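Proteins come first, then strands; the chains are lettered A, B, ... in the order of their sequence lines, and each starts at number 1. As the structure is a computational prediction, the values presented were derived from the model and not from experiment.
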Amino acid sequence: MSDGQRSPSAGTGQIVVSGLTKQYKNVRAVDDLSFTVEPGRVTGFLGPNGAGKTTTLRMLLNLVTPTAGTATIGGRRYADLTDPLRSVGAVLEASSAHKGRTGRNHLRVICAAAGLPASRADEALALVGLTPAANRKFKGYSLGMKQRLGIAAAMLGDPQVLILDEPANGLDPEGIRWMRGFLKGFATEGRTVLVSSHLLSEMQLLADDVVIIAAGKLVRQGPVEQVIGSMAHGVRVRVRTPQAAELTAALREQAATVDTDGHGALLVSGMDAPTVGRTALAAKVELHELTTERPDLEGVFLELTAGKAEIR
Amino acid sequence: MNLVRSELLKIRTTSTWWLLGIGAFLATALAFAINAWLAHQVLSGNAEDFGVSGEQASAAGQAANLYTSGQYLGLLFVMLIGILMVTNEFFHQTATTTFLTTPRRTSVILSKLGAASLLGFGFWLATTVIDLVAGTIFLTVDGHGTQLSEWPVHRALLLNLLAYAIWTILGVGIGTLIPNQLGAVITAAVLYLVGTQVVQLLFFLLSNWLDSQAVVKWQVVWPAVASQVMISGSSTELTPDWWVGALVLVGYALVSGVFGVLITRRRDIS
Ligand SMILES: Nc1ncnc2c1ncn2[C@@H]1O[C@H](COP(=O)(O)OP(=O)(O)OP(=O)(O)O)[C@@H](O)[C@H]1O
Ligand SMILES: [Mg+2]
């Protein structure tokens, strides 16, 4: 690409990670990692403990120097953004405030450095519901309040891109629901959301796309449904019956695939639950359980990262 | 400019600065009382009893000493503020937020230097105003006149300002080189406080061993000694000219500042 040419992701909030690598003394925390994150969608960043998520996000934000590779936001490295806070908001684990400073003053310090009006501090506090604790010192904050203050700090510049490292950490159920709605709304406005999390059921509700890494390497990237659908089996029906042999025979006659789950239940694929029930009725087989099982993100995640999830 | 404002706000919104401010005020008050008593004794004919002679024994020399009361601990306090401005970022893990807000790390360190210099100036101004008000009253009452038109007095005030500026900047430099709060504070205290006597002894032994008086002058390479040489404004057979001390201190401030910036630019924040 020549100098004058704009990269395809310029001006948008697209995140491009390319060949990113971080070698620490004893561990290759991130290993030749490449993926993209599209604006207008919520992208979940998943991986077992020690997979390299935090390291990747910190390299993306110019806090950690990559050993190799690049990471850009809207076509530019974070260090080259003219107005970083107005472009990118970030909530990182272990981001903190001075213990003796109040929440409001913490935000005002950031506003001053970024050239934002001090009134933004109060607006951001109101946004995350922290106004009542605005004048209390940070050391008196609960875990969830600290997390909310971090989110408020990220929102000060009304950014185009949000990057969050386990933001649900410490939030109460109400807070988690608020954040889900907030991030979805944020993406709906055409902005970019990249969020790492271990809460896979929450991710399934929240994310449009997922990037799954393990041991520093990319395992899978794509829309959530597609990643779930790519697994070996699709929807299955779990059946319990005292006459397993008869039912298995009857189902196989109808071209269904039948397995056992090893705990006395049958797993039927290639047939929906009503048809299984009807087949059982026709064969005069007694049923004790009949449930549809959809593969979920958790199952897919565990399958994809099996054997790569040890702490390094 | 925004960054300097932000750095000043960081200091104003914690209790560190006024704790150190109160400390500096108390130190100034105490030092003033001692210096006033000393001036009274020296100027009423007891100079020999206190080992004070030459220019030091003149009214102007005593006035200069009085008008810079609190300097010894004041310099320590401004250096501590400089150190804390940097190490607090790591101790309280605010470095992440700071460098997210301003990815250009050199600018961050430079703005800390700017804010620290302003603070150093503020400390100098406050202690000097206190010393001048109390000092002129005391000297007039004690019958020596204010001495405010004397060059040794002017020189002492200006060198005092220079000392405040350099030690504050040195504090920031030490903080960037040693981000560990406790480590930086202890190192600085050793450089400033413990140093002098030990260094004088070391250089004295060295000069005996080498059989050379000139070697003793080299103790000026030690920051605390350099500071004293600079502040004294005059040389003796054991110390070089004041500007040598000033150059040594400026050198330390520059080197620590430059290396501090280089290291900070490369450091992983995690
Ligand atoms: N500063 C560091 N020095 C040495 N090794 C490090 C450093 N930071 C991270 N690592 C190592 O890099 C690997 C990846 O760590 P990272 O924090 O990125 O994982 P993660 O995916 O965020 O894990 P978690 O889900 O537990 O937050 C780990 O093996 C970790 O021990
Ligand atoms: Mg992590």
S.K.: Are any of the side-chain nitrogens in B/D268 or A/K22 under 4.0 Å away from the carboxylate oxygens of its partner?
M.R.: yes
S.K.: Using non-hydrogen atoms only, which part of A/L85 is less than 4.5 Å away from chain B: side chain, backbone, both, or neither?
M.R.: side chain
S.K.: Could you have a look at B/T98, B/V108, B/T102, B/N88 and say which one has the most heavy-atom pairs with chain A under 4.5 angstrom?
M.R.: B/N88
S.K.: Is chain B contacted by the side chain of A/A153, its backbone, both, or neither, given a heavy-atom distance below 4.5 Å?
M.R.: neither
S.K.: Atom OH of residue position A/Y24 - does it have more than 12 heavy atoms of other residues, nucleotides or ligands inside 6.0 Å?
M.R.: yes
S.K.: If we ignore hydrogens and angles and just use 3.5 Å, is the side chain of B/S6 paired with the main-chain N or O of A/A112 as donor and acceptor?
M.R.: no
S.K.: Select, from B/V4, B/L9, B/T16, the one with the greatest count of heavy-atom pairs under 4.5 Å involving chain A.
M.R.: B/L9
S.K.: Can you list everything that forms a salt bridge (Lys or Arg N to Asp or Glu O under 4.0 Å) with A/R28? Sequence neighbours excluded, please.
M.R.: A/D31
S.K.: Any side-chain donor paired with an acceptor under 3.5 Å for A/R101 and B/T13?
M.R.: yes
S.K.: Would you mind listing every side-chain hydrogen bond (donor to acceptor under 3.5 Å, both in side chains) that reaches into residues 111-120 of chain A, with sequence neighbours excluded?
M.R.: A/R120-A/E123
S.K.: Would the number of heavy atoms belonging to other residues, nucleotides or ligands and lying under 6.0 Å from CZ of B/F25 be above 12?
M.R.: no
S.K.: Is any side-chain heavy atom of B/F99 less than 4.5 Å from a side-chain heavy atom of A/L63?
M.R.: yes
S.K.: Looking at every heavy atom in both A/A113 and B/T101, which two are closest together, and how far apart are they?
M.R.: CB-CG2, 3.8 Å
S.K.: Using side chain to side chain contact (heavy atoms under 4.5 Å, CB included) as the criterion, point out the one residue from A/K137, A/H98, A/K99 that pairs with B/T14.
M.R.: A/H98
S.K.: For the CZ atom on A/F182, are there more than 12 heavy atoms of other groups (residues, nucleotides or ligands in this structure) within a distance under 6.0 Å?
M.R.: yes
S.K.: Strictly by modelled atom types, are A/R58 and B/T96 linked by a side-chain donor-acceptor pair under 3.5 Å?
M.R.: yes
S.K.: Roughly how far apart are A/R108 CZ and B/R5 CZ, rounded to 0.5 Å?
M.R.: 11.0 Å
S.K.: Roughly how far, to the nearest 0.5 Å, is CD1 of B/I269 from CG of A/L61?
M.R.: 12.5 Å
S.K.: Go through B/M1, B/R105, B/R266 and name the one with the most non-hydrogen pairs under 4.5 angstrom from chain A.
M.R.: B/R105
S.K.: Rounded at 0.5 Å granularity, tell me how far CG in A/L92 sits from CG in B/L100.
M.R.: 6.0 Å
S.K.: At a 4.5 Å cut-off on heavy atoms, which part of B/R12 comes close to chain A: side chain, backbone, both, or neither?
M.R.: neither
